[in-house]
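The structure displayed is predicted, hence computed values, not measured ones. Count residues from 1 along the sequence.
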Amino acid sequence: MPELPEVETVRSGLETHLVGRVVTSTEVLHPRAIRRHAGGEPDLIGRLAGKQVTGVRRRGKYLWIDLADSADRAALVVHLGMSGQMLIARVGTPDHTHLRVRAVLDDENELRFVDQRTFGGWHLDDYAPDVYASPENRDTTDPSPADIPMSVAHIATDPFDPAFDPDRVVDRMRTKHSEIKRVLLDQTVISGVGNIYADEALWRARLHGARIAETISRRKLRELIDAVTEVMAAALKVGGTSFDALYVNVNGQSGYFERSLNAYGRAGEPCRRCGAIMRREQFMNRSSFFCPKCQRPPSARSNAP
């Protein structure tokens, strides 16, 4: 599934094409694509009609488009799922095989949601105050751009959010009697990190993912947060990570960070730091990749509180 660098690449591309544009019409081609919208297809189409795009925002792996007209303001929350793509195309361009929703814009372009596996979708959401926003920007009676869709309000900030507080994240991590990789993937602790960048950050910080979070020193946890930030920043520079044709930006181009991965997918290959053979372990129906020398598995003693 897309992680922060991939979603940010999509967000940035959408912002370039969408801000200031007006939605003139919407067509739903597959009902599963709007299954999360409580009002159903007529309500979604009706509320989108005539609305102007005022922003394209993201928190962690969660993406939404801010829309408004003189009477209404709403967030179009986009779930990319495992194969969702947000593409910009000229009106009349042949439809993609797995096109699920199209929104026609006032500049003769279309915003197209393509989703082969139909796990993703769109829904319109109202706003809630952002608990991470600074007090002077928070107003529960008059929603402001600092507010956030209700379905995203529980998600923690990510390392690229101005409100991100690494010391606060370390404090939360230190309360968790859970494996540090599980904590990294907990979007209510730190958002944006998925399986790929968790493995990459743990490798950089020389930590095994099975270490219990509460047993790790504050200094080491801060080092891990810095590693998360560094690896995702590097991936952002090249448009994210792609292992197949499913992840693309708004122009249909794939990311290239896979060429720079130090841990993920490298089982059986030498560690780029020490030369030991990288290993793979099962983890939460997925896989973890690590160096047995640089990231020694924890002993019962090291994992004791």
Enquirer: Considering residues at least two apart in sequence or located in another chain, which fulfil the side chain to side chain contact (heavy atoms under 4.5 Å, CB included) criterion with Thr24?
Expert: Val104, Asp106
Enquirer: Would you name the heavy atoms of Ser191 and Ala156 that are closest together and state the gap between them?
Expert: OG-O, 2.7 Å
Enquirer: Does CZ belonging to Arg182 count more than 12 external heavy atoms closer than 6.0 Å?
Expert: yes
Enquirer: Quick check: closest heavy atoms across Gly120 and Arg35, and the distance to 0.1 Å?
Expert: O-NH1, 3.1 Å
Enquirer: Please say which of Lys51, Arg11, Arg57 ends up in a salt bridge (Lys or Arg N to Asp or Glu O under 4.0 Å) with Asp66.
Expert: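 Of Lys51, Arg11, Arg57, salt bridge (Lys or Arg N to Asp or Glu O under 4.0 Å) with Asp66 is met by Arg57 alone.
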Enquirer: Looking at Arg204 and Glu200, is any side-chain nitrogen of the basic one under 4.0 Å from a carboxylate oxygen of the acidic one?
Expert: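 The answer is no: the pair does not qualify as a salt bridge.
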Enquirer: Quick check for you: to the nearest 0.5 Å, what is the distance between Ile190 atom CD1 and Leu185 atom CG?
Expert: 10.5 Å
Enquirer: Starting from Trp203, can I reach Ile180 by hopping between I/L/V/M/F/W/Y residues whose side chains sit under 4.5 Å apart?
Expert: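 No, Ile180 and Trp203 fall in different hydrophobic clusters.
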Enquirer: Test side chain to side chain contact (heavy atoms under 4.5 Å, CB included) on Asn109 and Arg90 and set out the steps.
Expert: CA-CA 4 Å; Asn109 281 320; Arg90 294 294 291 176; 2.8 Å; yes
Enquirer: How long is the straight-line distance from CD of Glu27 back to CD1 of Ile45, given to the nearest 0.5 Å?
Expert: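 Taking CD1 in Ile45 and CD in Glu27, the distance rounds to 8.0 Å.
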Enquirer: Determine, for Asp95 against Arg102, whether the closest basic-nitrogen to carboxylate-oxygen distance falls under 4.0 angstrom.
Expert: yes
Enquirer: Are Ile196 and Leu236 connected in the hydrophobic side-chain network, where two residues link if heavy atoms are under 4.5 Å apart?
Expert: yes
Enquirer: Going through the checks in order, is the side chain to side chain contact (heavy atoms under 4.5 Å, CB included) test met by Leu14 and Leu111?
Expert: CA-CA 9 Å; Leu14 291 176; Leu111 173 61; 3.7 Å; yes
Enquirer: Are Phe160 and Val228 connected in the hydrophobic side-chain network, where two residues link if heavy atoms are under 4.5 Å apart?
Expert: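 Looking at the clustering, Val228 is in the same group as Phe160.
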Enquirer: Evaluate whether atom CZ of Arg286 has more than 12 neighbouring non-hydrogen atoms of other residues, nucleotides or ligands under 6.0 angstrom away.
Expert: yes
Enquirer: Give a yes-or-no answer on whether the side chains of Arg280 and Ser287 include a donor-acceptor pair shorter than 3.5 Å.
Expert: yes
Enquirer: Tell me whether Lys220 contacts the main-chain N or O of Arg206 through its side chain, where contact means a donor paired with an acceptor under 3.5 Å.
Expert: no
Enquirer: Going through the checks in order, is the side chain to side chain contact (heavy atoms under 4.5 Å, CB included) test met by Arg36 and Ser151?
Expert: CA-CA 11 Å; Arg36 296 180 179 89; Ser151 58; over 6 Å; no
Enquirer: Locate the shortest heavy-atom distance separating Gly209 from Leu202; write the atom from each residue and the value.
Expert: CA-CD1, 3.8 Å
Enquirer: Under 6.0 Å from the CE atom of Met150, do we count more than 12 heavy atoms belonging to anything else shown?
Expert: no
Enquirer: Starting from the C-alpha separation in whole Å, work towards a yes-or-no answer on salt bridge (charged side-chain N to carboxylate O under 4.0 Å, His left out) for Arg59 and Asp130.
Expert: CA-CA 11 Å; Arg59 173 157 290 173; Asp130 184 0; 2.9 Å; yes
Enquirer: Applying side chain to side chain contact (heavy atoms under 4.5 Å, CB included), run through Phe113 and Gln85 and close with a yes or a no.
Expert: CA-CA 6 Å; Phe113 181 64; Gln85 301 172 353; over 6 Å; no
Enquirer: Work out which heavy atom in Ala263 is nearest to a heavy atom in Met278; give both atom names and the distance.
Expert: CA-CE, 3.7 Å
Enquirer: Check whether Ile216 and Phe290 end up in the same hydrophobic cluster, where Ile, Leu, Val, Met, Phe, Trp and Tyr are linked by side-chain heavy atoms less than 4.5 Å apart.
Expert: no
Enquirer: Apply salt bridge (charged side-chain N to carboxylate O under 4.0 Å, His left out) to the pair Glu179 and Lys181, showing each step before the final yes or no.
Expert: CA-CA 5 Å; Glu179 297 173 338; Lys181 182 170 179 179; over 6 Å; no
Enquirer: What's the shortest heavy-atom distance between Cys274 and Cys294, and which atoms?
Expert: SG-SG, 3.5 Å
Enquirer: Going hydrophobic residue to hydrophobic residue with side-chain gaps under 4.5 angstrom, can you get from Val231 over to Phe164?
Expert: yes
Enquirer: Could you work out, with salt bridge (Lys or Arg N to Asp or Glu O under 4.0 Å) as the rule, every residue matching Arg58, not counting sequence neighbours?
Expert: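 With sequence neighbours excluded, Arg58 shows a salt bridge (Lys or Arg N to Asp or Glu O under 4.0 Å) to Glu8, Asp158, given in chain and number order.
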Enquirer: Specify the closest pair of heavy atoms between Val101 and Ile34, including all atoms of both residues, with the distance to one decimal.
Expert: CG2-CG2, 4.4 Å
